[in-house]
Protein chains: 2
Amino acid sequence: MGLDALVGHAGYAVRRFQLWIFQDFIKTLAAVDIRPTQYSVVTVIGANPGLTQAAVAKRLGIERARLVHLLDSLEQRKLVKRVPSATDRRSHALHLTAQGEEQLRKFKRLAAEHERHVAEKIGKENRERLLQILACFT
Amino acid sequence: MGLDALVGHAGYAVRRFQLWIFQDFIKTLAAVDIRPTQYSVVTVIGANPGLTQAAVAKRLGIERARLVHLLDSLEQRKLVKRVPSATDRRSHALHLTAQGEEQLRKFKRLAAEHERHVAEKIGKENRERLLQILACFT
DNA sequence: TATTGTTATACTCTATAACTATA
DNA sequence: TATAGTTATAGAGTATAACAATA
């Protein structure tokens, strides 16, 4: 069975690849129950303590409304905390808890393992090339 | 604001790229009201008339249950028809209508235009490299 | 007036399970 | 018993709009 025009479409290949990569990520981090979006949120807060919700949402391309629920869940799990902002009473400063910092190190180790799966799948050099080509989207 | 570990993750870049590419596809084909998944279904049926629903679903990595609704919509729009199979009364042979064939040519012209947008965004050679790297996922 | 976080709604997509009619 | 198509449901993800508190 032929795919005809789909073979020449970057979007089709990228979509299939993205599905594979997310499935592997979810499986590799299943023991800590962290999904790709959760990982991106915890990582960005860990690297930039004190950010507002609006700033995180904008940087990661997530809707503000969706981030509310993501943070609710992460806060319940004691990984993240919302601290009242000192300068703007509308906004929250986001921080990792001590437990969040500790867990993040574990998440990163597992994410690195996932990344090795990617390298095995498409080749180490191809993975590097891919990151270079798509650097403008990060 | 830094992304920390996210910068080195292929999955993050691929996800952001995929969102961009789908948005451009949807916008470029808005005049004919065709989304990426619909395009992939019509294209595969056009290139392989007579396929069963199960075969299309498996080839494109779509759930059988979801394909039912996709085909309902495409059939209502007179682009696709379900023909009773001659050999297996459980299954349908999928075909494009005459109108479907005609419309598909228009879809392909617009999809090619979208593909040029991709080439402009990441560069012609990078697009080629990307297709080569991800060929194993099609 | 505009922005922050929140709530609510709707629609798409994904993942299942179960049903029917066939094989 | 297994498979093809269908129906139904639940959970993510996306896209909006609107609201209260605050700037």
Side-chain angles (χ1 to χ4, degrees), chain A residues 11-12 14-16 18-27 29-30 33-41 45 50-76 80-95, chain B residues 11-12 14-16 18-27 29-30 33-41 45 50-76 80-95:
Chain A
Y12 181 73
V14 167
R15 175 61 175 159
R16 296 297 299 245
Q18 195 246 304
L19 289 175
W20 182 90
I21 218 168
F22 267 41
Q23 276 167 18
D24 185 84
F25 187 98
I26 292 167
K27 199 172 68 182
L29 278 84
D33 190 25
I34 286 288
R35 298 169 65 83
T37 310
Q38 294 175 314
Y39 177 75
S40 69
V41 170
I45 294 173
L51 286 179
T52 64
Q53 295 184 195
V56 170
K58 187 177 178 191
R59 185 65 185 87
L60 293 177
I62 300 171
E63 287 297 320
R64 271 185 313 155
R66 198 184 153 218
L67 186 60
V68 172
H69 300 298
L70 285 166
L71 289 174
D72 286 348
S73 157
L74 294 171
E75 207 169 24
Q76 273 170 24
V80 166
K81 59 189 169 196
R82 289 166 161 118
V83 178
S85 163
T87 56
D88 184 339
R89 294 207 305 172
R90 290 173 304 182
S91 67
H92 300 148
L94 299 172
H95 294 271
Chain B
Y12 181 73
V14 167
R15 177 61 176 158
R16 297 296 299 244
Q18 196 245 304
L19 289 175
W20 182 90
I21 218 168
F22 266 41
Q23 276 167 17
D24 185 85
F25 187 98
I26 292 166
K27 199 172 68 182
L29 277 82
D33 191 24
I34 286 288
R35 297 168 66 83
T37 310
Q38 294 175 312
Y39 177 76
S40 70
V41 170
I45 295 174
L51 285 179
T52 64
Q53 294 184 196
V56 170
K58 188 177 178 190
R59 185 64 186 88
L60 292 178
I62 300 171
E63 286 297 321
R64 272 184 312 156
R66 196 183 154 220
L67 186 60
V68 171
H69 299 298
L70 285 166
L71 289 174
D72 286 350
S73 158
L74 294 171
E75 207 170 23
Q76 273 169 24
V80 166
K81 59 190 168 194
R82 290 166 161 119
V83 178
S85 162
T87 56
D88 185 338
R89 296 206 304 173
R90 290 173 304 182
S91 68
H92 300 149
L94 299 172
H95 294 270

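Proteins get letters first, then strands, A, B, ... in listed order; numbering begins at 1 in each.
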Give the table of side-chain donor-acceptor pairs shorter than 3.5 Å for residues 60-71 of chain B, with sequence neighbours excluded, one pair per line with atom names and distance.
none

Search all heavy atoms of B:Y12 against all heavy atoms of A:R59 and return the closest pair with its distance.
OH-O, 3.9 Å
Quick check for you: name the first and last nucleotides of DNA chain D, 5' to 3', having an atom under 4.0 Å from a heavy atom of chain A.
D:dA12 to D:dA23
Please give me the minimum heavy-atom distance between A:S85 and A:D88, naming the atom from each residue.
OG-N, 3.1 Å
What's the CG-P distance between B:L67 and C:dT12, to the nearest Å?
16 Å
Using atom CZ of B:R66 as one end and atom P of C:dC11 as the other, report the distance to the nearest whole Å.
16 Å
Between atom CD1 in B:I62 and atom P in C:dA15, what is the gap in whole Å?
12 Å
Among C:dA15, C:dT7, C:dT4, find the nucleotide with the atom closest to the side chain of B:E63.
C:dA15
How do A:R15 and A:H92 order along DNA chain C: which one's closest nucleotide is nearer the 5' end?
A:H92
Under 4.0 Å between any heavy atoms, over every strand shown, what does B:S85 touch: base, sugar-phosphate, or nothing? Just pick one.
nothing
To the nearest angstrom, how far is B:D33 atom CG from C:dT12 atom C1'?
14 Å
Identify, between B:R35 and A:Q53, the residue whose nearest nucleotide on DNA chain C lies closer to the 5' end.
A:Q53
Residue closer to the 5' end of DNA chain D, A:P36 versus A:D88 (nearest nucleotide):
A:P36
May I ask you to say what B:R64 touches in the nucleic acid, namely base, sugar-phosphate or nothing, with a heavy-atom cut-off under 4.0 Å?
base
Closest approach of B:V80 to B:E75 (non-hydrogen atoms, all atoms of both residues)
O-CG, 3.3 Å
To the nearest Å, how far apart are A:E75 CD and C:dT6 C1'?
13 Å
List the atom of A:P36, the atom of A:I26, and the distance in Å for their closest heavy-atom pair.
CD-CG1, 3.8 Å
For atom NZ of A:K58 and atom C1' of C:dT4, their distance in whole Å
14 Å
Write down the distance between CD (A:Q18) and C1' (C:dT14), rounded to a whole number of angstrom.
12 Å
Between C:dT22 atom P and B:R90 atom CZ, what is the distance in whole Å?
10 Å
Non-hydrogen atoms of B:R35 and B:F25 that approach each other most closely:
C-CE2, 3.7 Å
Looking only at heavy atoms, what is the nearest atom pair of B:H95 and B:V83, with distance?
CD2-CG2, 3.7 Å
